[in-house]
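Residue numbers count from 1 along this sequence.
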Amino acid sequence: MRENNQPIKKLVLAGNGMAGVRMLEHLLKLAPQAYEITIFGAEPHPNYNRILLSSVLAGGADMNDIIINQLDWYTDNAITLHTGDPVVQIDPTARRVISSKGITAEYDELILATGSSAFIPPLPGSDKDGVIGFRDIRDCETMMETARTHQKAAVIGGGLLGLEAARGLLNLGMDVTVIHINEHLMDRQLDRPAGLMLQQELEAQGMKFLLSKRTVELTGKRRVQGLRFTDGTSLEADLVVMAVGIRPNIQLAQSAGLKIGRGILVDDYMRTNVPGISAVGECAEHRGIGYGLVAPLYEQGTVLAKRLAGVETLPYEGSVTSTKLKVSGVDVFSAGEFQDTPDTRSLRIQDDIDGIYKKLVMRDGRLIGAVLFGDTSDGASLFSLIKSGESVKGREKELLTGQPAVGAAAVSPLQRLESMPDDEIVCGCNGVSKAAIGDAVQNKDCNTMKSLKACTKASASCGGCAPLVEGLLQLYAGDNAGAAVKEGICGCTSLDRDEVVSEIQRMGLKTVREVMHVLDWAEPEGCSKCRPALNYYLGMLWPGEYEDEKESRFTNERYHANIQKDGTYSVVPRIYGGVTSPADLMKIAAVAEKYNVPLVKFTGGQRLDLLGIQKEDLPKIWEELDMPSGHAYGKTLRTVKTCVGDTFCRFGTKDAMGMGIRLEKAFERMDTPAKVKLAVSGCPRNCAESGIKDVGIVALDGAWELYVGGNGGVKIRAGELLCTVKTEDEVMEWTSAFLQYYRESARWNERTAAWIERVGLDSIKEKLADTDTRQALVSRIEETLSYTTDPWKKIIEDDSLRKNFEDLSGAAALSGSSPARH
């Protein structure tokens, strides 16, 4: 019961996407205790920003960068989240839903936010391997995987989504051709001159186009090999991306008896024809229109949230939409009606030299549409005028050129911003209003773009509204705008890493919550960036006293296994130096057979990975393996890769396996700012790839070389020579000192490669060259390691910890983690 004795209602959200969860965010602010909330999502991830999928594909972001609500957000708001488990049945009479995994949930209010799916035209061959849409993370992964082994890609659809997909595939090194049925690109948002300018710009970047082409068949056997067109011509392609539109996901609603048009029919308050069931987002159809852009969906969600909270609200009467394209420096904006008709008047500027095109469309003295290419800085203010419907008579040329009419007083940009209504949405991607920005600047000390973005999320997605946000920052902050604000470890604080660590030491702070309280965190509960960082810094500073805060760790680290995209886990037992025994191999094989492990794979670090394990089986598997954790899931030592060295190799000069095993046994449970990989090569032929590891050791005749700061991942970096030593004991001493210095001075989530580039190898050498300093560092890392225990064994022996693996009704969401990569 709530404080006012009103019973808590049960709310079920079918869909874990942007529209539905954004509606919940509003609802939780308006009525935080009114509902017991359960969410069923089809994807294995928490809520993420689908707008930024093109950035993931283009390499400008990864999965963690586009997550909107980490797993902690669901927990903090007492939301039960079921990922990878969509609702498949609704019983409107009993008011309950059933998921694909058989979970039943009762509801007082059911919100359908099932989104949409990519429309795959029923062409002959459209079911072949290599034919996909572009709607989710899995599609991005498929494109990235294909780009590693194939060369030619075709994108069917020259609209917004198709061009973003094509740009990403270009970045992946593929030969990309866009096929479009009409005469110019983005014909639903741009007129012909702007479409042609866009085509020329993208062709200069390497994109190819086939316009006025209709595909009739996808050729090939099992995998697509090409496309054939109505005019008899053809095109080779190993990958075909369909970007020709979306289809609302209505099957669930239809089977429950809801009225369906193209989407789920809703009224002005987002109600369906069935009591207790509402719909929002791309699956909904309002007044004959289904919206595929995020701003209208957020407007729908605001109305729905107010209704559910019992707050008076105006009805949702539809949206005027705008579109932005921003790929590789090509800026395009379109809003409202952009085509000329007999009852409209237009003004245009076309500058082919500088690549700028502007067009305004008026009807009855009002601005009804705009197209901008090359310079989109006026997009937000023009869109505001389109939505307001106010008269612009006498100001038409001023709006186009920025110059006032003859005899008229000039209106400054700040004056335009002052006249903007407070409830005007400035950032459509994140639903941030002018008033919200003003509140952040005036009441929350957000006087830089960085702090304003962290506080409000304005301009944090596509970035198209950044000029307008900057203008509002200047309007509200005045002379204080842009005042120097230190780069904090996250948006919750202005303190940087060194200041945070120094204050923890100076004041003897011993818990995450104490640090955030004493150091005046803007967000009292912190965020997914600072909580893990503080947890690490406290453990690094007080290894004997600090108790690790599990809730500040990501899912993989909490469950000591890598969660995979289907919600299962992978187990990697420790195999020291990549050297195993028949007995251990038989144990692994027996466990894999007993628990029906679907895949056993050798990793790049010479380990065996058991993939596809259910969460509740993890402790039993660990117990039967009777092997220590390989820590393949955390920011710690992952592996020490070795070659066979002089034990068997005719080129080997030293015992690489023995040295690798000694190193791995010394550092196997060491927490670090980011993951750490080591390697030992028994000769300069470097078969263990020691030159691209965080610490790589190479044996010479009579000596060992230590290379540091290498990285073989996305940003390849060769290691640099730290020192040359003679004995194995010296290898241990210098490696220990280097790792502890890294532990004590690197930023959270900073790999050794980035750390060395920041601080400089010479300064590290100077630090470690001093014998007393080096030995002090060794003593500190040895003390830290003396407190560590094997996490698998600890869970096996502690019933209270083991119980955490028994309840599968909660979320198994991916929180800041990617599928296992070793």
Side-chain angles (χ1 to χ4, degrees), residues 44 83-85 101 550 553-642 657 660-661 664-665 667-670 675 677 788-814 817-822:
T83 58
D85 190 16
K101 295 181 180 178
K550 302 302 180 188
R553 289 186 177 270
F554 294 130
T555 298
N556 288 352
E557 294 168 310
R558 285 207 295 272
Y559 295 121
H560 301 282
N562 272 317
I563 190 168
Q564 303 300 306
K565 65 184 181 182
D566 62 356
T568 62
Y569 291 79
S570 82
V571 167
V572 183
R574 180 70 66 182
I575 298 178
Y576 298 101
V579 179
T580 187
S581 66
D584 280 346
L585 288 174
M586 285 191 288
K587 281 195 293 187
I588 292 172
V591 163
E593 190 172 61
K594 178 177 178 179
Y595 290 94
N596 297 313
V597 175
L599 179 65
V600 180
K601 181 186 181 300
F602 283 101
T603 73
Q606 300 175 334
R607 304 296 187 266
L608 278 168
D609 192 353
L610 286 72
L611 295 116
I613 295 169
Q614 299 299 321
K615 177 182 165 186
E616 66 267 29
D617 288 335
L618 289 172
K620 292 178 284 187
I621 285 177
W622 298 337
E623 189 170 22
E624 294 183 36
L625 282 173
D626 191 28
M627 299 171 73
S629 167
H631 284 86
Y633 45 79
K635 300 188 190 308
T636 182
L637 174 69
R638 294 292 180 88
T639 62
V640 181
K641 191 173 183 178
T642 66
M657 291 187 292
I661 291 169
E664 190 159 359
K665 287 189 172 181
F667 304 121
E668 63 179 308
R669 294 187 292 271
M670 168 189 64
K675 64 183 177 182
K677 298 181 180 181
T788 62
T789 57
D790 178 59
W792 288 359
K793 187 175 182 180
K794 186 176 180 180
I795 292 167
I796 291 166
E797 296 175 349
D798 189 330
D799 288 340
S800 64
L801 295 176
R802 196 161 180 158
K803 285 180 180 178
N804 294 330
F805 294 81
E806 295 173 0
D807 180 15
L808 292 180
S809 62
L814 186 65
S817 307
S818 299
R821 291 181 183 149
H822 308 292

For this session: Output yes when a side-chain donor or acceptor of Asp85 lies under 3.5 Å from a complementary backbone atom of Lys101, and no otherwise.
Result: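 It does hold such a pair.
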Exercise. Given Lys615 and Tyr559, is the side-chain contact (heavy atoms from CB on, under 4.5 Å) satisfied, shown in steps?
Worked result: CA-CA 8 Å; Lys615 177 182 165 186; Tyr559 295 121; 3.3 Å; yes
Exercise. For Trp792, which residues count as a ring-ring contact (aromatic ring centres under 6.0 Å, His included) partner, sequence neighbours excluded?
Worked result: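 With sequence neighbours excluded, Trp792 shows a ring-ring contact (aromatic ring centres under 6.0 Å, His included) to Trp622, given in chain and number order.
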Problem set entry | Neighbour count above 12 (heavy atom, 6.0 Å) for Lys587 NZ |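 Counting neighbours around NZ of Lys587, more than 12 heavy atoms of other residues, nucleotides or ligands fall under 6.0 Å, so yes.
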For this session: Only one of Asp790, Thr789, Thr788 passes side chain to side chain donor-acceptor pair (under 3.5 Å) with Arg669; say which it is.
Result: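 Among Asp790, Thr789, Thr788, the one that satisfies the side chain to side chain donor-acceptor pair (under 3.5 Å) with Arg669 is Thr788.
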Problem set entry | Results of side chain to side chain contact (heavy atoms under 4.5 Å, CB included) for Asp798 - residues two or more places apart only |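 For Asp798 the side chain to side chain contact (heavy atoms under 4.5 Å, CB included) partners, ignoring immediate neighbours, are Ser800, Leu801.
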For a 4.5 angstrom cut-off between non-hydrogen side-chain atoms, does [X] reach [Y]?
| X | Y | result |
| --- | --- | --- |
| Val571 | Leu625 | yes |
| Leu618 | Ile613 | yes |
| Leu611 | Lys601 | yes |
| Pro791 | Tyr633 | yes |

Heavy-atom pair of closest approach, residues [X] and [Y]:
| X | Y | result |
| --- | --- | --- |
| Ile575 | Met627 | CG1-CE, 4.3 Å |
| Pro573 | Leu610 | CD-CD1, 4.4 Å |
| Leu637 | Arg574 | O-NH2, 3.4 Å |
| Glu664 | Gly577 | OE1-N, 2.6 Å |

Distance-only check: which donor-acceptor pairs under 3.5 Å involve side-chain atoms of residues 588-598, not counting sequence neighbours?
unit_1, atom_1, unit_2, atom_2, d
Lys594, NZ, Glu624, OE1, 3.3
Lys594, NZ, Glu624, OE2, 2.9
Tyr595, OH, Glu624, OE2, 2.5

Problem set entry | Test item: side-chain donor near acceptor, Glu668 and Tyr576, under 3.5 Å |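 Yes, side-chain donor-acceptor contact under 3.5 Å.
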For this session: Please determine if Arg802 and Glu623 form a salt bridge, counting it only when a charged side-chain N lies under 4.0 Å from a carboxylate O.
Result: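 Judged by the 4.0 Å cut-off on N to carboxylate O distance, Arg802 and Glu623 do form a salt bridge.
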